[in-house]
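Reviewing the structure listed below.
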Amino acid sequence: MRKFPLLLAALALPVMPLAAAPSGEAVHVVEAGETLNGIANRAGVSPEALAKANGLKPPYVVKLGQKLTIPRAKATVKEADPAAPARRAAAAANSTAKAAIAAAKSPEQANSPEQESVHVVQPGETLGSIALAAKVPRILIAEANGLQPPYAVRLGQKLHIPRTRRHTVKAGDTGFSISYKYGVPWEQIALANGLDEGAPVKAGQSLLIPTLLDPPVTRVDAPAPTPTPSAASKPARFAWPVNGPIRRGFQTGTNPHDGIDITAAEGTMVRAAAPGTVRFAGMEKEQFGNLVVVDHGDGWFTAYAFLSRVTVKEGAKVSAGERVGLVGHTGLAKGNELHFEVRRDGKPVDPLADLPKAR
């Protein structure tokens with residue numbers, strides 16, 4: 001009987017000891033005694049797949065020294081994929097973009113999604129998902145940021161989150177004192193609560209304090225800004241209300257301070273920084289203590305807090321340099337000092353920008 005020592009049937013039992021398992025090979029060279037089944041088992045693939053990959057037909061005979069391609073999953077041959085470097089580069093760029101977006105977050109975003117007042121759009125976010133996390137209606141966020149249907153947001157975009165606050169009226173509160181405390185015009189608070197802005201508030205009354213945001217800029221052809229005069233040539237809008245060292249300056253961000261605290265001896269005269277009309281004169285129990293607020297017109301106000309004594313009455317006309325109170329340590333004062341604020345259109349500004357440079 002004629003013998004074919006180099007041909008072995010795929011289903012025949014091996015006649016030689018098994019070779020090492022080709023579990024990591026992409027190409028296998030058939031050794032003596034190997035069968036298609038045995039090679040497939042050790043490679044971790046099916047005999048059918050191995051036969052198909054190499055164009056073998058029944059009875060699936062393999063030859064000594066024959067090279068068989070092992071059909072591996074694509075994940076095991078990543079580096080053979082010509083698109084892999086591009087995908088890795090894109091992933092790295094996306095990671096860099098995420099880091100840049102995270103670094104661009106403003107101090108308002110240090111809070112949780114339910115508390116932040118500004119949100120930077122992250123990869124994959126939509127207006128709906130942002131609204132859900134912030135627990136603020138989607139339409140309110142759209143209106144606050146001037147978004148139009150279909151309300152698309154873009155990666156890295158900063159969105160104002162309009163949050164509402166409430167104030168419970170206490171004895172001694174007035175519309176103006178509430179307005180000043182929250183930096184929101186009283187007419188806007190009255191409108192939000194369906195009140196007559198001329199009517200007095202009542203103790204125990206719960207007021208909604210609306211959130212006012214700067215309107216979004218829609219013009220793309222705005223003219224170049226007019227150059228601002230240098231600090232040296234800019235005339236001071238206000239005079240110093242009292243002489244003394246500044247204990248704490250104006251701050252914004254996560255630890256805001258809306259004015260400056262000027263240290264002076266108790267009883268030192270506090271003077272009006274400019275002529276105007278007294279809009280509030282009395283006790284503000286939560287923060288300012290004895291407080292005087294003067295309206296200078298054109299949206300400008302100054303405030304004098306922590307006073308030991310108020311020496312003017314609400315509605316009085318005062319001249320620049322006229323006494324409005326005496327230095328003290330009421331409210332949240334850290335000692336004998338004057339807390340002095342400047343506000344424009346309800347928003348605090350750094351008083352040093354509008355005071356003389358030397359005292």
Side-chain angles (χ1 to χ4, degrees), residues 167-205 207 209-210 212 236-242 258-262 264 266-333 337-349 351 354-355:
H167 175 82
T168 301
V169 179
K170 302 177 179 62
D173 278 354
T174 66
F176 184 83
S177 68
I178 297 169
S179 167
Y180 189 84
K181 177 178 180 178
Y182 293 100
V184 178
W186 171 245
E187 56 267 26
Q188 296 291 337
I189 298 175
L191 180 64
N193 291 274
L195 302 176
D196 176 358
E197 64 180 87
V201 295
K202 300 177 181 179
Q205 193 174 11
L207 299 178
I209 308 298
L212 300 183
R237 183 179 297 276
F238 301 110
W240 285 91
V242 72
D258 290 343
I260 57 176
D261 295 339
I262 307 171
E266 184 174 11
T268 300
M269 189 181 300
V270 176
R271 301 178 183 275
T277 302
V278 177
R279 294 300 183 193
F280 182 84
M283 171 62 72
E284 195 284 316
K285 297 179 180 179
E286 293 185 11
Q287 181 177 357
F288 297 113
N290 285 323
L291 170 70
V292 172
V293 179
V294 178
D295 180 356
H296 304 285
D298 197 26
W300 289 95
F301 290 82
T302 55
Y304 313 79
F306 301 165
L307 303 173
S308 63
R309 181 182 168 195
V310 171
T311 61
V312 290
K313 295 189 179 296
E314 193 169 310
K317 301 288 185 181
V318 295
S319 302
E322 184 175 341
R323 187 181 68 177
V324 296
L326 304 177
V327 171
H329 52 266
T330 57
L332 299 181
E337 58 186 356
L338 171 70
H339 176 75
F340 177 64
E341 291 188 8
V342 174
R343 295 200 181 198
R344 178 75 191 276
D345 296 329
K347 296 182 178 180
V349 297
D354 293 287
L355 290 170

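Worth saying up front: this structure is predicted, and the values here are computed from it rather than measured.
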Worksheet item: So, for Val310 and Gly282, which heavy atoms are closest and what is the spacing to 0.1 Å?
Response: CG2-N, 4.3 Å
Discussion item. With no hydrogens and no angle check, just 3.5 Å: does a side-chain donor-acceptor pair link His329 and Ser308?
Written reply: no
Discussion item. If you define the side chain from C-beta out and look only at heavy atoms, does anything of Gln287 sit under 4.5 Å from Lys181?
Written reply: no
Worksheet item: Are Val342 and Leu355 close enough that some pair of their side-chain heavy atoms sits under 4.5 Å apart?
Response: no
Item to complete: List the steps, then state whether side chain to side chain contact (heavy atoms under 4.5 Å, CB included) holds for Thr174 with Phe280.
Response: CA-CA 9 Å; Thr174 66; Phe280 182 84; 4.0 Å; yes
Discussion item. Rounded at 0.5 Å granularity, tell me how far CZ in Phe288 sits from CG in Leu332.
Written reply: 8.5 Å
Worksheet item: Do the non-hydrogen side-chain atoms of Tyr304 and Phe340 ever get within less than 4.5 Å of each other?
Response: yes
Discussion item. With a 4.5 Å cut-off on side-chain heavy atoms, are Thr268 and Leu326 touching?
Written reply: no
Worksheet, complete the sentence: In this structure, CD of Gln205 is separated from NZ of Lys170 (nearest 0.5 Å) by 12.5 Å
Worksheet entry | Minimum heavy-atom distance between Ala303 and Val293, given as atom pair plus value | CB-CG2, 4.2 Å
Practice prompt. Would you name the heavy atoms of Val318 and Ala272 that are closest together and state the gap between them?
Written response: CG2-CB, 4.1 Å
Practice prompt. Assess whether side chain to side chain contact (heavy atoms under 4.5 Å, CB included) is satisfied between Ile209 and Ile178, documenting all intermediate values.
Written response: CA-CA 9 Å; Ile209 308 298; Ile178 297 169; 4.2 Å; yes
Discussion item. Quick one, Asp298 and Arg344 - any side-chain contact, counting heavy atoms below 4.5 Å?
Written reply: yes
Item to complete: Kindly compute the distance separating CD (Glu341) from CG (Asp261), expressed to the nearest 0.5 Å.
Response: 9.0 Å
Worksheet entry | Gap between atom CG of Leu195 and atom CD of Glu187 - 0.5 Å precision | 13.0 Å
Worksheet item: Do the side chains of Ile262 and Val327 get nearer than 4.5 Å, heavy atoms only?
Response: no
Practice prompt. Kindly give the heavy-atom pair with the smallest separation between Arg237 and Ala274, and that separation in Å.
Written response: O-CB, 4.3 Å
Worksheet item: Rounded to the nearest 0.5 Å, what separation is found between the CE atom of Met283 and the CG atom of Asn290?
Response: 4.0 Å
Worksheet item: Is the backbone of Gly289 close enough, under 3.5 Å, to the side chain of Thr330 for a donor and an acceptor to pair up by distance?
Response: no
Worksheet item: Heavy atoms, side chains only, cut-off 4.5 Å: are Thr302 and Phe238 in contact?
Response: yes
Practice prompt. Applying side chain to side chain contact (heavy atoms under 4.5 Å, CB included), run through Leu291 and Leu307 and close with a yes or a no.
Written response: CA-CA 6 Å; Leu291 170 70; Leu307 303 173; over 6 Å; no
Fill in: Trp300 vs Asp354 side-chain heavy atoms within contact, under 4.5 Å
yes
Worksheet item: Quick one: OG on Ser177 to CZ on Arg279, what's the gap to the nearest 0.5 Å?
Response: 14.0 Å
Worksheet, complete the sentence: In terms of heavy-atom contacts, Leu338 and Val242 come closest through CD2-CG1, 3.7 Å
Worksheet item: Any idea which heavy atoms bring His296 and Pro275 closest together, and the distance?
Response: ND1-O, 2.8 Å
Worksheet item: Can the ring centroids of Phe301 and Phe176 be said to lie less than 6.0 angstrom from one another?
Response: yes
Worksheet item: Taking atom types as modelled and ignoring hydrogens, do the side chains of Asp258 and His339 form a donor-acceptor contact shorter than 3.5 angstrom?
Response: no
Fill in: N/O donor-acceptor pair under 3.5 Å between Arg271 side chain and Gly321 backbone
yes
